[in-house]
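One structure is given below, encoded as structure tokens.
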Amino acid sequence: QVQLVESGGDSVPSGGSLRLSCAVSGLTYRNYYMGWFRQAPGKEREWVAVIDTNEAYGTARYADSVKARFAISRDNSKNMLYLQMNMLKPDDTAMYYCAAQYRNFRQPSLSPDDYAAWGLGTQVTVSS
């Protein structure tokens, strides 16, 4: 049974930092691209950051809205995915989800529709 479990969400003031974690089980983790997505109330789910199957491959991409503030990383030895979020803004308030995509594309997709496995999310709230 595939499971993705996010943690680390919290309420923080603007300018604060958080580190989200995602524990993955039930699949061969090294064969999957991973991504962080978020969804705010009344808005569509959007991609935040995606990463290749191995950090050594160097393929990580960030949405313009989080570039230079967020960093995605993975530990294939622990089946873990992380999102370090710095300089948080009220616009970052959302439910954050991790997702897994089998590596049948040349690079991680930016579309949520291409990710087959999802966690239940962790809430991030940033106050002004």
>> Check whether Tyr62 reaches the backbone of Ile72 with its side chain - one donor and one acceptor, N or O, closer than 3.5 Å.
In response: yes

>> Tell me the closest heavy-atom pair linking Ser21 and Met80, and the distance in Å.
In response: CB-CE, 3.8 Å

> Under a 4.0 Å N-O cut-off, is there an ion pair linking Asp64 with Lys67?
Replying inline: yes

>> Within the 4.5 Å heavy-atom criterion, are Cys98 and Tyr82 side-chain neighbours or not?
In response: no

> What is the distance from atom CG of Leu27 to atom CG of Leu4, rounded to the nearest 0.5 Å?
Replying inline: 6.5 Å

> How about Arg103 and Tyr33: does a side-chain donor come under 3.5 Å of a side-chain acceptor?
Replying inline: no

> Is the centre of the Phe37 ring less than 6.0 Å from the centre of the Tyr97 ring?
Replying inline: no

> Could you give the distance from OG (Ser109) to CD (Gln101), rounded to the nearest 0.5 Å?
Replying inline: 5.0 Å

>> How close do Arg69 and Met87 get, counting heavy atoms only, and between which atoms?
In response: NH1-O, 2.9 Å

>> Check Arg74 with Asp52, please: is the shortest side-chain N to carboxylate O separation under 4.0 Å?
In response: no

> Which of these, Val12, Val126, Leu20, Asp92, sits in a side-chain contact (heavy atoms from CB on, under 4.5 Å) with Met85?
Replying inline: Leu20

> Is the NZ or CZ atom of Arg38 positioned over Trp47's six-membered ring, under 6.0 angstrom from the centre and within 45° of the axis?
Replying inline: no

>> If I compare all heavy atoms of Leu83 with all of Ala49, which pair ends up nearest, and what's the gap?
In response: CD1-CB, 4.3 Å

